[in-house]
Amino acid sequence: MKKYYIKTFGCQMNVYDSHRIAAILQNLGLTEATSPQNADLVIFNTCHIREKAAEKVFSDLGRLNMIREERLAKGLDTVIGVVGCVVQAEDEQIAKRAPFVDFALGPLTYHRLPAVLAQISRRKGEPLIDTEFPAESKFDFLPANTSMGGCSFLAIQEGCNNFCTYCVVPYTRGIETSRPVEDVVKEARRLVEGGSLEINLLGQNVNSYHGEDAGGKERNLAYLLHKLDEIDGLERIRYTTSYPADVDDDLISCHREIKKLMPYLHLPVQSGSDSILKAMNRRHTSGQYLEIIGKLRDANPDLGFSSDFIVGFPGETDADFQATLDLVNKVKFIQAFSFKYSRRAGTPAALMPGQVEEKVKKERLEILQNLLFSYQLKFNKESVGKIMPVLFDNKGRHKGQLIGRTPYMQNLHAALGKECRNKIINVKITGATANSLTGIQEGT
Ligand code: 5AD
Ligand code: SF4
């Protein structure tokens, strides 16, 4: 095997995992292919959060099998691997629906990839599947992480103990584990040495972080943020995704004290109705959520919030849905992600009475998205004329154009040369749509 191709589905954690899988493969001497057609090894890193995401994996696998057959006709072998959350949840389905897959590894066992690849050549028939929840931490076995550019992800926590009744994550990523403080700080230093100006700390429930320090004492996210604040050359810190009930006073103070902490927080609420929140097994009411938002705003009045919403959860009435709209009108989120409830086998909500009709879910989603969109557009329009520091970490579609992120995670396009890539530049905002901004370098 000489060339690999990785396709990533789903969340930022999967993007991070794919980056680390690529490093394993590079250590084995493989190089990245530009397409699956010219790859000897193709890996799909998969998402199971909603039915659509999981089904897309299976349909794309079918297409990949055709590519494998085309290559075979030319005398070229292709090894196909599936990793990530679909494997953890649907290992038997993979063997049944995609028997041409050579191996499948869950999100907690991909560090075993070198051993698996060594075994593949001896494989006959069935895919080689490893969905163990291992005793060891994969992080102790992976090659040292490398910078992803100006902006890097760093996983500090994995898994979830909240068991929201709609969610597969506790079953796919397992129970909560936190990486030790020293490991995180060491990895952050490496990323900064490699050119990262911004680090986004990742975890399914990142603010319940409880990693051990060098003396074996458990420390919280606030402690870790203060440690990272000390790293010279690190300009920006973010963390995602947080659980509202686990936002403690220490963390709130960080938004007052740590200048490197960006003024944008993703804090999923899911619904504005207390009875739906209860049925979802969320450990907060809408009132408590608003109280937390208020405290965070007291700590930093410039904070902008984003959130996740689910419409059409079993039993959701028009009045429940209206409560969600009311909450949106109170918080005025500057960005948001909203979804129709998707029934996931094995989760308690899948068996609840009062499943909502598809038509109603669709209507509610449209109403909610229009409202969220209006606040996002308003916030972006109000940015016009302001000067913001923008981290340009991506090429634009056109030559001489770069794409960056403002402190509020707004995408910004500007006419800038490649010497500005992976730098933070002060930009005057000149235009805005709901999804992106345009600007010019300040002083030009
Ligand atoms: N149906 C719809 N949305 C879901 N999410 C999680 N599980 C489901 C589901 N079964 C959403 C939640 C979560 C985000 C990552 O995905 O809003 O915050
Ligand atoms: Fe899923 Fe998030 Fe709830 Fe955990 S807190 S069960 S990851 S929605």
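Side-chain atoms are counted along with the backbone in the values below, which use heavy atoms only and exclude waters and symmetry mates.
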Asks: Is there a ring-ring contact (aromatic ring centres under 6.0 Å, His included) between Phe379 and Tyr408 once you walk through the steps?
Replies: CA-CA 10 Å; Phe379 181 75; Tyr408 295 98; 5.2 Å; yes
Asks: Counting N and O atoms only, with roles assigned by atom type, does the side chain of Thr8 sit under 3.5 Å from a partner on the main chain of Asn14, one being a donor and the other an acceptor?
Replies: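 Not a single qualifying donor-acceptor pair exists.
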Asks: Spell out, as yes or no, whether a donor-acceptor pair under 3.5 Å connects the side chain of Arg236 to the backbone of Met262.
Replies: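 Looks like no, no N/O pair under 3.5 Å.
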Asks: The test is side chain to side chain contact (heavy atoms under 4.5 Å, CB included); show your working for Phe58 and Ile94 and say whether it passes.
Replies: CA-CA 8 Å; Phe58 284 107; Ile94 289 177; 4.0 Å; yes
Asks: Could you go through residues 78-93 and list every donor-acceptor pair under 3.5 Å that involves a side-chain atom there, pairing it with any protein atom two or more places apart or in another chain?
Replies:
unit_1	atom_1	unit_2	atom_2	d
Thr78	OG1	Arg71	NE	2.7
Gln88	NE2	Thr131	O	2.7
Glu90	OE2	His48	NE2	3.0

Asks: For a side chain to side chain contact (heavy atoms under 4.5 Å, CB included) check, start with the C-alpha distance between Thr347 and Thr165, then their side-chain angles and the critical distance, and finish with the verdict.
Replies: CA-CA 6 Å; Thr347 61; Thr165 51; over 6 Å; no
Asks: Check whether any side-chain heavy atom of Pro268 sits under 4.5 Å from a side-chain heavy atom of Thr241, and report yes or no.
Replies: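 Side-chain contact under 4.5 Å: yes.
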Asks: Under a 3.5 Å threshold, yes or no: a donor from one side chain and an acceptor from the other, between Thr109 and Glu132?
Replies: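 Distance-only check fails for Thr109 and Glu132.
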Asks: Distance-only, no hydrogens or angles: does the Asn281 side chain make a donor-acceptor pair with backbone N or O of Phe163 under 3.5 Å?
Replies: yes
Asks: What I want to check is whether the side chains of Tyr341 and Glu316 have a donor and an acceptor closer together than 3.5 Å.
Replies: no
Asks: Applying side chain to side chain contact (heavy atoms under 4.5 Å, CB included) to Leu261 and Ile237, what does each step give before you reach the verdict?
Replies: CA-CA 5 Å; Leu261 206 51; Ile237 307 171; 4.1 Å; yes
Asks: Using a distance-only test with no angle check, is there a side-chain donor-acceptor pair under 3.5 angstrom linking Gln26 and Tyr4?
Replies: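 Tyr4 and Gln26 do have a side-chain donor-acceptor pair below 3.5 Å.
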Asks: Identify the two heavy atoms, one from Ile424 and one from Pro389, that lie closest to each other, and give their separation to 0.1 Å.
Replies: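 Nearest heavy atoms, Ile424 then Pro389: CG2-CB, 3.7 Å.
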Asks: Taking all heavy atoms of Ile49 and all of Cys167, pick out the closest pair and write down the distance.
Replies: CD1-SG, 4.2 Å
Asks: What heavy-atom pair brings Val181 and Gly211 nearest, and what distance separates the two atoms?
Replies: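 Minimum heavy-atom contact is CG2-O, 4.0 Å.
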Asks: What residues, two or more places apart in sequence or in another chain, satisfy ring pair (Phe, Tyr, Trp, His ring centres under 6.0 Å) together with Phe373?
Replies: none
Asks: Verify whether one side chain among Ser137 and His111 offers a donor that lies under 3.5 Å from an acceptor in the other.
Replies: no
Asks: For residues 134-163, which residue pairs pass the salt bridge (charged side-chain N to carboxylate O under 4.0 Å, His left out) check, not counting sequence neighbours?
Replies: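 Matches after skipping sequence neighbours: Arg112-Glu136, Lys138-Glu158, Glu158-Arg173.
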Asks: Please round to the nearest 0.5 Å and tell me the distance separating atom OG of Ser147 and atom CD of Glu187.
Replies: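 Reported value, rounded in 0.5 Å steps: 11.0 Å.
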Asks: Is the shortest side-chain N to carboxylate O distance from Arg219 to Glu182 below 4.0 Å?
Replies: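 Result for this pair is no, no salt bridge flagged.
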Asks: Can you tell me if Asn207 uses its side chain to pair, donor with acceptor, with the backbone of Tyr243 under 3.5 Å?
Replies: yes
Asks: For a quick test of reading the model, state the closest non-hydrogen atom pair linking Lys260 to Asp229 and the distance between them.
Replies: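 For Lys260 versus Asp229, the nearest heavy atoms are NZ-O, 2.7 Å.
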Asks: Would you check if there is a donor-acceptor pair between the side chains of Asn162 and Arg283 at a distance under 3.5 Å?
Replies: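 Side chains of Arg283 and Asn162: pair found under 3.5 Å.
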Asks: Under 4.5 Å between any side-chain heavy atoms of Asp393 and Leu197, yes or no?
Replies: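 Side chain of Asp393 against side chain of Leu197, heavy atoms only: no contact under 4.5 Å found.
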Asks: Just so I know, are the side chains of Lys7 and Pro36 near enough to count as touching, which here means a heavy-atom distance under 4.5 Å?
Replies: no
Asks: Would the distance check show the side chain of Asn380 and the main-chain N or O of Ala434 forming a donor-acceptor pair, the cut-off being under 3.5 Å?
Replies: yes
Asks: Determine whether Thr406 and Val427 make a side-chain contact, defined as any pair of heavy atoms from C-beta on separated by less than 4.5 Å.
Replies: no
Asks: Treating Arg238 as the side-chain partner and Pro407 as the backbone partner, does any N or O pair qualify as donor plus acceptor under 3.5 Å?
Replies: yes
Asks: Would you call Asp60 and Arg63 a salt bridge, taking side-chain N to carboxylate O under 4.0 Å as the test?
Replies: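 Arg63 and Asp60: salt-bridged.
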Asks: Identify whether the distance between the nearest side-chain nitrogen and carboxylate oxygen of Lys378 and Glu382 falls below 4.0 Å.
Replies: yes
Asks: For Tyr110, check ring pair (Phe, Tyr, Trp, His ring centres under 6.0 Å) against everything at least two apart and list the hits.
Replies: none
Asks: Using only atom types and a distance under 3.5 Å, with no angle test, would you say the side chain of His284 pairs donor to acceptor with the backbone of Arg282?
Replies: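 No: the side chain of His284 does not pair with the backbone of Arg282.
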Asks: Would you name the heavy atoms of Ile129 and Ala95 that are closest together and state the gap between them?
Replies: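 In terms of heavy atoms, the two residues are closest at CD1-CB, 4.4 Å.
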Asks: At what distance, to the nearest 0.5 angstrom, does OG of Ser196 lie from CG of Leu154?
Replies: 9.0 Å
Asks: May I ask you to decide if Pro180's main-chain N or O and Glu212's side chain share a donor-acceptor pair within less than 3.5 Å?
Replies: no
Asks: Taking the side chain as every heavy atom from C-beta outward, state whether Cys47 and Val57 have any pair of such atoms under 4.5 Å apart.
Replies: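 Cys47 vs Val57: side chains apart.
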Asks: Is it true that the side chains of Ser306 and Tyr264 contain a donor and an acceptor less than 3.5 Å apart?
Replies: yes
Asks: Under 4.0 Å between a Lys/Arg side-chain N and an Asp/Glu carboxylate O for Glu198 and Arg405?
Replies: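 Result for this pair is no, no salt bridge flagged.
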Asks: Kindly indicate whether the side chain of Leu41, heavy atoms from C-beta on, has any atom under 4.5 Å from the side chain of Leu117.
Replies: yes
Asks: Donor-acceptor pair, Glu257 side chain versus Lys259 backbone, under 3.5 Å?
Replies: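 Here the side-chain-to-backbone pair does not exist.
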Asks: Between Asp40 and Lys2 (side chain of the first, backbone of the second, donor and acceptor by atom type, cut-off under 3.5 Å), is there such a pair?
Replies: yes
Asks: Would you check if Asn161 and Asn205 make a side-chain contact, meaning some heavy-atom pair closer than 4.5 Å?
Replies: no
Asks: Looking at CG of Asn422 and CZ of Phe392, how far apart are the two atoms once the value is rounded to the nearest 0.5 Å?
Replies: 11.5 Å
Asks: Working to the nearest 0.5 Å, report the span between CG of Leu228 and CZ of Arg189.
Replies: 9.0 Å
Asks: How many angstroms lie between CG in Leu265 and CD1 in Ile292, if you round to the nearest 0.5 Å?
Replies: 10.5 Å
Asks: Hey, could you give me the CD1/OG distance between Ile276 and Ser286, rounded to the nearest 0.5 Å?
Replies: 12.0 Å
Asks: Does some side-chain heavy atom of His413 sit less than 4.5 Å from a side-chain heavy atom of Ser436?
Replies: yes
Asks: Met148 vs Val15, test: side chain to side chain contact (heavy atoms under 4.5 Å, CB included). Steps then yes/no.
Replies: CA-CA 10 Å; Met148 296 167 88; Val15 174; 3.8 Å; yes
Asks: Between Val42 and Phe44, what is the shortest heavy-atom contact and its length?
Replies: CG1-CE1, 4.0 Å
Asks: Going by ring pair (Phe, Tyr, Trp, His ring centres under 6.0 Å), name the residues that satisfy it together with Phe333, two or more places apart in sequence or in a different chain.
Replies: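 Listed in chain order: Phe309.
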Asks: Is it true that atom NZ of Lys227 has more than 12 heavy atoms of other residues, nucleotides or ligands lying nearer than 6.0 Å?
Replies: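 No.
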Asks: Mind checking whether Phe313 and Tyr166 have parallel, tilted or perpendicular rings, split at 30° and 60°?
Replies: perpendicular
Asks: Run the ring pair (Phe, Tyr, Trp, His ring centres under 6.0 Å) test against Phe133 and tell me which residues pass, sequence neighbours left out.
Replies: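 With sequence neighbours excluded, Phe133 shows a ring pair (Phe, Tyr, Trp, His ring centres under 6.0 Å) to no residue whatsoever.
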Asks: Begin with the C-alpha distance, continue with both residues' side-chain angles, and end with the deciding distance and a verdict on side-chain hydrogen bond (donor to acceptor under 3.5 Å, both in side chains) for Ser342 and Glu51.
Replies: CA-CA 6 Å; Ser342 169; Glu51 190 180 358; 4.7 Å; no
